[in-house]
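Below, read A as the first sequence line, B as the second, and so on, with proteins coming before strands; counting in each chain starts at 1.
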Amino acid sequence: MQLDGLNKEQKLGVTTTEGPLLILAGAGSGKTRVLTYRTAYLIEEMGVKPYNIMAITFTNKAAKEMRERIDKLVGNEDGGVWVSTFHSACVRILRRFAERIGYGNNFTIYDSDDSKTLIKHILKDLQIDSKRFKEKMFMGEISSAKNELIGSLEYRNRFSNDYKLNVVGQVYQEYEARLRQNNAFDFDDLIMKTVELFKTVPEVLNLYQDRLHYIMVDEYQDTNNAQFQLIRLLAGRRQNLCVVGDDDQSIYKFRGANIYNILNFEKHFPDAKVIKLEQNYRSTQVILDAANGVIKNNVGRKAKKLWTEKSGGDKITFRQFESAYEEADYIAMDITSKCRDGLYSYMDDAILYRTNAQSRILEEKLMHLNIPYKIIGGVNFYSRMEIKDILSYLHVIENVQDEIAIRRIINVPKRGIGAASLEKVSTFARANGYSFYESLLKAKDIPTLGKAADKIKKFTDLIEELREDTKTNKRIALLIRNVYEMSGYAEALRLENTEESKARLENLEELYAKGVSYDEGTEEPTLTGFLEEVALVAQIDDLEESKDYVVLMTLHSAKGLEFPNVYMAGMEDGLFPGFMSMMAGDDSEDMEEERRLCYVGITRAKERLVMTAAKKRMLRGEIQYSSASRFIKEIPNNLLDNNSPSMYELGFAGRKEDTFSPKKPARSIATSYGSSGSSYQNSYSSTSSSIYGARKPSMASGSYGSGVQKKLPAYIVGDKVKHRKFGEGVVSDILDKGRDYEVTVLFDTAGPKKMFASFAKLEKI
DNA sequence: CACAGGTCTCTTTTT
DNA sequence: GAGACCTGTG
């Protein structure tokens with residue numbers, strides 16, 4: 001087999017097949033390459049059957065990529081290598097064997113919304129004041145316990161003398177009981193219950209140990225204890241376990257990841273060999289030096305230093321702005337000018353930030369400049385209200401024990417079944433030992449219900465009919481449509497007839513479309529399979545790298561990706577590193593994790609890295625003032641280009657004047673304006689403030705937006721257009737007002753409105 | 001029981 | 001600034 005394209009260490013990683021192996025793979029050092037070649041090597045040179053190999057990743061996207069690359073090398077024969085995420089692998093195992101630990105094989109997977117709802121119900125029933133103890137606290141505690149494989153009974157025993165944890169224990173125990181009643185697993189259960197299954201039913205474990213001779217784990221630094229135990233069990237006596245990771249990229253502590261899994265790998269597996277991949281094939285020397293400069297401030301790490309043959313490179317741009325608006329404006333304009341000059345395409349650019357909330361302003365600016373973009377994260381498609389509603393119907397159809405799903409939809413659309421009636425059903429169920437759904441079926445036997453019994457009957461009839469339907473109809477798309485049509489859900493939205501309800505209807509159609517593509521792309525479509533896929537998608541999974549758009553996402557989501565031109569926005573103390581980690585202290589573990597996150601961000605960049613900060617930004621409805629991030633100061637100064645850029649440099653020559661010369665500067669700070677001539681100053685070392693300080697953000701955004709060359713609208717008089725707020729209307733006039741076009745629209749419902757073209761975001765329809 | 005309108009509370013990050 | 005939650009009214 002040809003291994004010529006690999007360096008010495010990579011080759012070693014490929015050919016060291018027996019026994020435990022830790023590959024410490026720095027950012028961009030070609031670890032996926034090693035893993036795929038290693039798999040091919042096992043098959044072609046060692047004669048291992050693909051069936052006996054497993055590769056585990058964290059996201060479907062990573063799994064899919066690896067699968068494709070393996071298939072390219074060795075083809076996809078006899079079932080092929082088992083490439084899967086932790087969660088899907090466990091679901092697959094549990095679907096086969098859940099009955100062995102007292103669950104039905106048709107179990108539902110609860111997302112965190114569902115868990116939260118369940119906790120809410122429990123707090124109410126146990127009469128725990130949810131003001132004093134927050135649901136989030138319970139969720140966090142229970143999740144950590146599960147990640148540590150601590151069951152509810154053990155938890156209660158262990159923490160019985162602490163008042164708060166004692167309450168948590170009670171809730172945990174009840175939570176477990178109800179998950180079981182509902183035949184549901186939460187995310188953490190998927191791993192924990194699989195481990196439990198392996199431990200309590202040895203023959204199941206044997207089955208998998210016999211099959212899986214070689215196991216590989218990607219992103220090992222992000223594994224939690226439950227995952228560690230799972231892997232250890234699977235690796236069994238053979239111990240042909242190859243883990244790949246980078247302790248410097250461990251950024252999921254909040255989710256239970258235990259960095260000591262990778263730091264102590266050699267202790268856990270005494271015969272382990274260690275290979276370091278330190279040659280970076282991604283970034284320029286400048287970028288790597290910056291990354292090294294930052295990460296070397298962490299103490300708890302394995303010594304390593306990335307190097308590259310790509311010496312030199314563009315300096316890293318750092319700019320601090322007066323406000324988040326100006327920051328966003330700069331980034332958007334920079335992208336425009338770079339793309340216009342042909343240096344980069346949109347798909348080469350990524351904007352990374354610490355918190356999802358930062359995306360909004362950036363999005364606005366990109367929209368204004370007509371830059372195609374895609375935001376990863378934020379509100380998941382599948383967690384939108386209408387989508388969750390329809391999915392809840394599907395969950396009930398699949399598993400009638402799912403009380404959370406039933407309660408969610410029993411009165412959606414409105415059927416006149418209120419909280420009081422549900423309480424009566426619930427009481428009846430408890431008194432007679434029925435499940436919630438069984439009680440609904442027996443509603444007419446509940447004397448206190450009165451007229452509500454008929455309404456409930458209609459609901460159960462609907463569910464029964466839909467369940468009947470699934471026996472003959474195997475097409476998910478059709479089932480989805482049946483659900484929203486037969487339930488009256490779509491009809492209710494059509495009657496509402498608002499912008500919002502229309503958007504929701506569109507989302508239903510999108511869900512239908514997802515059903516269609518599932519039906520088409522799956523050999524044997526099942527409701528179970530569809531719901532599973534939906535439950536386990538990650539935000540990053542729907543990034544399409546071949547499409548020409550700028551990607552916006554959190555630093556967390558960006559791990560594993562690379563882009564020629566990267567923007568890191570919001571480089572401010574208090575935001576990044578976050579407030580909490582600053583409180584925890586300079587050398588706290590929290591701060592080290594933030595620093596690793598910064599390292600991850602920097603190392604995403606191949607050629608060009610731009611870091612920006614704002615002195616002032618809105619945070620939770622309050623104006624927050626911050627100074628530049630300490631991480632900026634950790635980058636060696638000679639790598640930074642922090643000269644004051646002019647509008648000239650940005651390629652907007654000639655627009656400078658009308659952008660930054662307001663007619664009437666705000667009184668109180670009038671003296672400071674004009675001192676710099678540009679608000680794109682680098683204030684890292686400067687103290688001058690701009691006139692924008694005293695203006696309302698909305699004004700500011702309106703005013704410097706005009707620095708953008710005005711564009712002829714994409715519509716003409718007489719066209720039908722759509723506005724986000726006002727709905728649809730007809731363009732009755734377009735006037736050239738110098739800086740922008742003023743458009744008059746006669747809206748169907750809102751009446752005539754005048755607006756500036758570049759802000760109105762009118763869409764031709 | 002449904003809905004409108006007012007009040008309160010906010011961390012990150014996500015499989 | 002947004003979303004969850006509560007409360008009063010019809």
Inset, instruction - Looking at every strand, decide which applies to Asn356(A) at a 4.0 Å heavy-atom threshold: base, sugar-phosphate, or nothing. - result: sugar-phosphate
Inset, instruction - Verify the contact: side-chain N or O of Asn411(A) to OP1 or OP2 of dC1(B), cut-off strictly under 4.0 Å; return yes or no. - result: no
Inset, instruction - Would you indicate, yes or no, if dT14(B) has its OP1 or OP2 atom less than 4.0 angstrom from a side-chain nitrogen or oxygen of Asn380(A)? - result: no
Inset, instruction - Could you state the atom-to-atom distance from CG of Leu536(A) to P of dT15(B) in whole Å? - result: 10 Å
Inset, instruction - By nearest nucleotide on DNA chain B, pick out whichever of Gly377(A) and Lys136(A) is the more 5' one. - result: Lys136(A)
Inset, instruction - Would you tell me if any nitrogen or oxygen in the side chain of Ser421(A) comes within less than 4.0 Å of OP1 or OP2 on dC1(B)? - result: yes
Inset, instruction - Report which part of the nucleic acid Phe187(A) touches: base, sugar-phosphate, or nothing (heavy-atom distance under 4.0 Å, all strands). - result: base
Inset, instruction - Give a yes/no verdict on base stacking between dT13(B) and Tyr252(A): centres under 5.5 Å, planes within less than 30° of parallel. - result: no
Legend entry - Proximity to the side chain of Arg354(A) - top-ranked nucleotide from dT14(B), dT12(B), dA4(C): dT12(B)
Inset, instruction - For this output row, return yes or no: ring centroids of His121(A) and Tyr175(A) closer than 6.0 angstrom. - result: no
Inset, instruction - To the nearest 0.5 Å, tell me how far Ile251(A) CD1 sits from Leu597(A) CG. - result: 5.0 Å
Inset, instruction - Rounded to the nearest angstrom, tell me the gap between atom CD in Glu622(A) and atom P in dT12(B). - result: 17 Å
Legend entry - Gap in Å between the two P atoms, one belonging to dA4(C) and one to dT13(B), rounded: 15 Å
Legend entry - Atom-to-atom span, NZ of Lys451(A) to P of dC1(B) - whole angstrom: 10 Å
Legend entry - Proximity to the side chain of Glu135(A) - top-ranked nucleotide from dC10(B), dC5(C), dT14(B): dC5(C)
Inset, instruction - Look at Thr355(A) and dT11(B) and indicate whether a side-chain polar atom (N or O) is within less than 4.0 Å of OP1 or OP2. - result: no
Legend entry - Separation of atom CZ in Arg360(A) from atom P in dG1(C), rounded to whole Å: 6 Å
Inset, instruction - Tell me whether the centres of the aromatic rings in His556(A) and Tyr252(A) are closer together than 6.0 Å. - result: yes
Legend entry - Positive for side chain to side chain contact (heavy atoms under 4.5 Å, CB included) with His87(A), one of Ile191(A), Asn60(A), Thr194(A): Ile191(A)
Inset, instruction - Kindly say whether Lys388(A) contributes a backbone atom to a donor-acceptor pair with the side chain of Ser392(A) at under 3.5 angstrom? - result: yes
Inset, instruction - State whether Lys131(A) places a side-chain N or O below 4.0 Å from either non-bridging phosphate oxygen (OP1 or OP2) of dC8(B). - result: no
Legend entry - Minimum-distance nucleotide (side-chain atoms of Thr59(A) versus dT11(B), dT15(B), dT14(B)): dT15(B)
Legend entry - Sugar-phosphate only, base, or nothing, as touched by Gly416(A) at under 4.0 Å among non-hydrogen atoms: sugar-phosphate
Inset, instruction - Answer with base, sugar-phosphate or nothing: what part of the nucleic acid does Gln227(A) contact at a heavy-atom distance below 4.0 Å? - result: nothing
Legend entry - First of Thr85(A) and Gly418(A) reached from the 5' end of DNA chain B, by closest nucleotide: Gly418(A)
Inset, instruction - Take atom OH of Tyr325(A) and atom P of dG1(C), then tell me their distance rounded to the nearest Å. - result: 6 Å
Legend entry - Touch class at under 4.0 angstrom, heavy-atom based, for Ile417(A) against every strand present: sugar-phosphate
Legend entry - Any Ser112(A) side-chain nitrogen or oxygen under 4.0 Å from OP1 or OP2 of dT15(B): no
Legend entry - Atom pair distance, as rounded to whole Å: CZ in Arg620(A) and P in dG3(C): 16 Å
Legend entry - For atom CZ of Arg617(A) and atom C1' of dG1(C), their distance in whole Å: 15 Å
Inset, instruction - Would you kindly give the NZ-to-C1' distance between Lys424(A) and dC1(B), to the nearest whole Å? - result: 12 Å
Inset, instruction - Please state whether the phosphate of dT13(B), meaning OP1 or OP2, lies under 4.0 angstrom from any side-chain nitrogen or oxygen of Lys559(A). - result: no
Legend entry - Aromatic contact, Phe631(A) with Phe576(A) (centres under 6.0 Å): yes
Legend entry - Any donor-acceptor pair under 3.5 Å from Glu593(A) side chain to Lys253(A) backbone: yes
Inset, instruction - Return no unless some side-chain N or O of Lys120(A) is found under 4.0 Å from OP1 or OP2 of dC5(C). - result: yes
